[in-house]
Amino acid sequence: VFNVSRVRVSGSTVRGVELGGAGTSLTAVEMVIDSTAAAGGNDEGYGIAVGGAAAVVVDRGIILDNRSIGVLAFEPGTTVNLSGVVIEGTKPQGGSQLFGRGLNVQDGAAVTLDLVYIKGNHDRGIYAAGQGTLVTVSRAVITDTLPDAAALEWGNGVGAVDKARLDLRQVRVSHSYVAGVAFSDATGILERVLVDGTESQQSTGSFGNGMRILGGADVQATSVRLHGNREVGLHVSEPGTKARFAGLLVDGARPQVAGN
């Protein structure tokens, strides 16, 4: 059990902070984790990596300029709670130039975010994947997510796949690529969400949707605005997909870059 305050972890290699194992926990107040680098042929330089049913709580923190993933949570029983936290500027992997995600949650982990600012990451700002995975985001801005550097693809602000659940409340997702918010074979509840300024995929000039719901996803949404995105504001497709909206405004849509 670790309890720390006013700590900076800077210039580490491979992991800035790593926890694993049931009963292992970290509670941090005013923590900075920055500039974690890849080393020894390892492409990773995660800011925080948590697995094996460990628990992390950060109250006021900055996770900045790390590599591959800013915050990684994985495996059942793992919990991460971030409040008043910035996740910014995650760089792609050193060799492959893939990823660069702000937050990656998978394989049954649970993450709660409140009052967070996620900016200038690559590939995905927030990514949730796998059965049992739960991500709850409230009072947040996810902005300026960039494509991966290898193929200039993706750049979703927020994405959930493969039976994960992702809930958004009082969230703005701004200036992403391909899709601001994307659900594929995943579930979610959205309340008071703004998605704006999504751009087409850099490599192909296609898409740029505010929200994409497909692959049998099931999404319920209240008070959503999709403004100034490309191709279509809202895309819903594929068998078994369900999208229920109460209070939806789609406005200011622009053509996709390819073929206008």
Side-chain angles (χ1 to χ4, degrees), residues 1 15 17-28 44 46-58 63 68-83 85 87 90 98-114 116 118 121 123-140 142 145 154 156-171 173 179-191 193 211-222 236 238-244:
V1 177
R15 305 285 191 272
V17 172
E18 183 173 22
L19 281 88
T24 304
S25 67
L26 169 67
T27 300
E44 302 163 355
Y46 301 159
I48 300 177
V50 191
V56 168
V57 176
V58 179
I63 301 166
S68 187
I69 296 173
V71 178
L72 170 66
F74 60 99
E75 297 181 338
T78 299
T79 61
V80 176
N81 291 272
L82 306 179
S83 177
V85 169
I87 305 173
T90 310
L98 296 172
F99 303 123
R101 295 172 181 170
L103 170 68
N104 193 113
V105 188
Q106 63 188 57
D107 303 331
V111 174
T112 301
L113 309 178
D114 183 44
V116 296
I118 299 176
N121 302 288
D123 188 61
R124 271 87 167 176
I126 296 175
Y127 182 71
Q131 180 77 47
T133 298
L134 172 62
V135 179
T136 303
V137 186
S138 60
R139 298 187 294 177
I142 300 97
T145 307
W154 305 111
N156 299 164
V158 177
V161 301
D162 299 337
K163 304 192 181 329
R165 176 168 172 171
L166 172 68
D167 293 345
L168 307 175
R169 294 179 174 87
Q170 292 181 252
V171 172
V173 182
V181 176
F183 288 87
S184 179
D185 188 25
T187 61
I189 296 175
L190 282 56
E191 298 176 1
V193 172
M211 192 174 297
R212 290 177 64 83
I213 304 171
L214 65 162
D218 188 346
V219 175
Q220 300 180 53
T222 305
V236 180
E238 299 182 359
T241 301
K242 299 176 183 178
R244 287 153 286 187

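- Put simply, the side chain of V236 does not reach to within 4.5 Å of the side chain of M211, judged on heavy atoms.
- Going from atom OG1 of T222 over to atom CG of L190 covers 8.5 Å, rounded to the nearest 0.5 Å.
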Candidate pair L166 and V137, rule side chain to side chain contact (heavy atoms under 4.5 Å, CB included), full reasoning: CA-CA 8 Å; L166 172 68; V137 186; 4.3 Å; yes
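- A heavy-atom distance below 4.5 Å is found between the side chains of L113 and I118.
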Derivation and outcome, side chain to side chain contact (heavy atoms under 4.5 Å, CB included), residues L72 and Q106: CA-CA 8 Å; L72 170 66; Q106 63 188 57; 4.1 Å; yes
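- Contact record, A186 with A160: CB-O, 3.5 Å, taken as the closest heavy-atom pair.
- For the residue pair G157 and I142, the shortest heavy atom distance occurs at O-CG2, 3.5 Å.
- The shortest side-chain heavy-atom distance between K163 and D185 falls under the 4.5 Å cut-off.
- Across all non-hydrogen atoms, the minimal contact from G51 to E75 is C-OE1, 3.8 Å.
- Under the 4.5 Å side-chain criterion, counting only non-hydrogen atoms from C-beta, V17 is not in contact with V56.
- Scored by the side chain to side chain donor-acceptor pair (under 3.5 Å) test, S138 finds D114 as partners (sequence neighbours excluded).
- For the atom pair CZ (F99) and CG (D123), the distance works out to 6.5 Å, reported to the nearest 0.5 Å.
- Side-chain atoms of I87 and V116, non-hydrogen and from C-beta on, never get closer than 4.5 Å to each other.
- Expressed to the nearest 0.5 Å, how far OG1 of T79 lies from CG of L134 amounts to 11.0 Å.
- Of all heavy-atom pairs between S184 and G215, the closest is OG-CA, 4.2 Å.
- Two residues are said to be in side-chain contact when any heavy atoms from C-beta on lie closer than 4.5 Å; N121 and Y127 fail this criterion.
- For the pair R124 and N104, the minimum side-chain heavy-atom distance is 4.5 Å or more.
- In terms of the side chain to side chain donor-acceptor pair (under 3.5 Å) criterion, T78 has no residue partners (sequence neighbours excluded).
- For the atom pair CG of L19 and OG1 of T24, the computed distance is 6.5 Å after rounding to the nearest 0.5 Å.
- For the pair Q170 (side chain) and R139 (backbone), a donor-acceptor distance under 3.5 Å is absent.
- Residues E191 and D167 form no side-chain contact, since every pair of their non-hydrogen atoms from C-beta on lies 4.5 Å or further apart.
- Once rounded to the nearest 0.5 Å, the distance linking OG1 of T187 with CD1 of I213 reads 11.5 Å.
- Atom CD1 of I69 sits about 8.5 Å away from atom CZ of R15, to the nearest 0.5 Å.
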